[in-house]
Number of protein chains: 2
Amino acid sequence: MAGKHELHEKGLRLTPQREFVLAAVRQLGHATPEEVAEKVRSTHPGINLSTVYRNLETLENVGLVLHTHLGHGGATYHAAEELTHLHLVCSDCGEIGDAPIEAAANFVNTLSDEYGFKTDVTHFAVYGLCSKCASKKSK
Amino acid sequence: MAGKHELHEKGLRLTPQREFVLAAVRQLGHATPEEVAEKVRSTHPGINLSTVYRNLETLENVGLVLHTHLGHGGATYHAAEELTHLHLVCSDCGEIGDAPIEAAANFVNTLSDEYGFKTDVTHFAVYGLCSKCASKKSK
DNA sequence: TACTTCCTGCGAAGAGTTTGCAGAATTACA
DNA sequence: TGTAATTCTGCAAACTCTTCGCAGGAAGTA
């Protein structure tokens, strides 16, 4: 699966901790550093939180993972190749939904054409009410 | 300008601290709690940071101010009546630009029609490269 | 004015993240 | 395969940002 060389190619050393962190990010989809640590501990109990933080940063620097801000303050991490969707964060229930990037295509073009702003769609969270909470409120 | 009654009408007591916090938010446009505190201290030096936090929360509860997440973690506060624009946060220089809400109208409709998601446009930040940084990079 | 209730300042506590250091572990090279 | 150079990890402490408990003080009410 995850060839060992992808870390070498980036000039990084191949340590179990680093592999586990990368694997955890890929499995979790999106996860906070804390969640990544928890996941990693299921196979590598001794891993330190600092190590997770440092590896997330390192992996982000070489482009293997990315982080997004979903609002509550902390960052959440994604495998770079899996970040192909928008995040719809419900202000009511906190649920994080997905929508394809294409849904924002017009919006991105508008901002680019009219304001010269090159939107990084993969990095922003969209706030609002999910369909469940919206219908709950209209009752 | 800011009639004294607007706080009374919300069932809040009228304290100098509270008035200053509200005034600071209105003057600053968008500001972190720390910035609000700094602003308030220019006229009311002794104000405590906790007081600022508590008043921001109180004022938000009654709908006079709102907060948005611009990404770096902390929240920034706005006067409710002034929050009529999108935030374009530059990932490179950190500058916060504005765009009218209408620029997102199509996007909001798309999400509503296709995913049932009711976007709160005033609460989300848009990440990307501002025109200055974008042209810098293309050189 | 006197009373009730809310608000403020202060200090401490809590969550989340970063940093310095010493001891491993990994890699490169002979 | 052995050895040296360098990076990485774990641990503990430090830091930032935010919240909380408490006691005194201020605002509102009659």
Side-chain angles (χ1 to χ4, degrees), chain A residues 2-25 30-41 43-62 64-65 67-77 94, chain B residues 2-25 30-41 43-62 64-65 67-77 94:
Chain A
K4 293 198 169 186
H5 295 294
E6 71 183 321
L7 290 174
H8 278 163
E9 280 167 5
K10 303 292 187 178
L12 299 178
R13 286 193 177 173
L14 195 66
T15 67
Q17 292 89 340
R18 188 161 285 164
E19 284 188 291
F20 284 132
V21 167
L22 181 54
V25 170
H30 39 70
T32 62
E34 194 67 50
E35 289 165 344
V36 171
E38 206 173 315
K39 179 78 181 172
V40 173
R41 289 201 180 104
T43 54
H44 190 103
I47 196 168
N48 196 276
L49 238 195
S50 318
T51 301
V52 172
Y53 274 100
R54 279 187 286 226
N55 275 321
L56 287 172
E57 190 186 341
T58 302
L59 293 170
E60 183 156 30
N61 285 339
V62 300
L64 288 171
V65 307
H67 77 271
T68 70
H69 296 281
L70 300 186
H72 3 293
T76 63
Y77 287 82
Chain B
K4 294 199 168 186
H5 296 294
E6 71 184 321
L7 291 174
H8 278 164
E9 279 166 7
K10 302 291 186 178
L12 299 178
R13 286 193 180 173
L14 196 66
T15 67
Q17 293 88 340
R18 190 161 283 165
E19 283 189 292
F20 284 133
V21 167
L22 181 54
V25 170
H30 39 69
T32 62
E34 194 67 49
E35 289 165 343
V36 171
E38 205 174 315
K39 179 77 180 173
V40 173
R41 287 201 181 103
T43 54
H44 191 102
I47 197 168
N48 196 275
L49 238 195
S50 316
T51 302
V52 173
Y53 275 100
R54 280 186 286 225
N55 275 321
L56 287 172
E57 189 185 343
T58 303
L59 293 170
E60 183 157 30
N61 285 338
V62 299
L64 288 171
V65 307
H67 77 271
T68 70
H69 297 281
L70 300 186
H72 5 295
T76 64
Y77 287 82

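Given the structure is predicted, the values throughout are model-derived calculations rather than measurements. In what follows, every chain begins at residue 1, and chains take the letters A, B, ... in the order their sequences are listed.
Nearer the 5' end of DNA chain D, as judged by each residue's closest nucleotide, is the contact made by R13(A), out of P16(B) and R13(A). The residue among A75(A) and N55(B) whose nearest nucleotide of DNA chain C is located toward the 5' end is N55(B). Nearest-nucleotide assignment on DNA chain D puts the 5′-proximal partner with T15(A), out of T15(A) and P33(B).
Rounding to the nearest 0.5 angstrom, the gap separating the CD atom in Q17(B) from the CG atom in N48(B) is 10.0 Å. Expressed to the nearest 0.5 Å, how far CZ of F20(B) lies from OG1 of T43(B) amounts to 4.0 Å. Here T76(A) contributes atom OG1 and E34(A) contributes atom CD; the two are 14.0 Å apart, rounded to the nearest 0.5 Å. A distance of 13.5 Å separates CG of L59(A) from CZ of R54(A), quoted to the nearest 0.5 Å.
At most 12 non-hydrogen atoms from other residues, nucleotides or ligands lie less than 6.0 angstrom from CD of E38(B). Counting heavy-atom neighbours within 6.0 Å of E60(B) CD, excluding the residue itself, gives a total above 12.
Put simply, the residue from L22(B), T15(B), T58(B) that forms a side chain to side chain contact (heavy atoms under 4.5 Å, CB included) with L7(B) is L22(B).
Nucleotides of DNA chain D lying under 4.0 Å from heavy atoms of chain B occupy a range whose first and last members, 5' to 3', are dC17(D) to dG28(D). Chain A approaches DNA chain C within less than 4.0 angstrom (heavy atoms of the protein), and the contacting nucleotides run 5' to 3' from dG16(C) to dT27(C).
Residue-level contact check: R18(B) touches the backbone only, with heavy atoms under 4.0 Å from sugar-phosphate atoms and none from bases. Among the atoms of the strands shown, none is found under 4.0 Å from any heavy atom of T32(A).
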Side chain to side chain contact (heavy atoms under 4.5 Å, CB included) evaluation trace for V36(A) with N55(A):
CA-CA 11 Å; V36(A) 171; N55(A) 275 321; over 6 Å; no

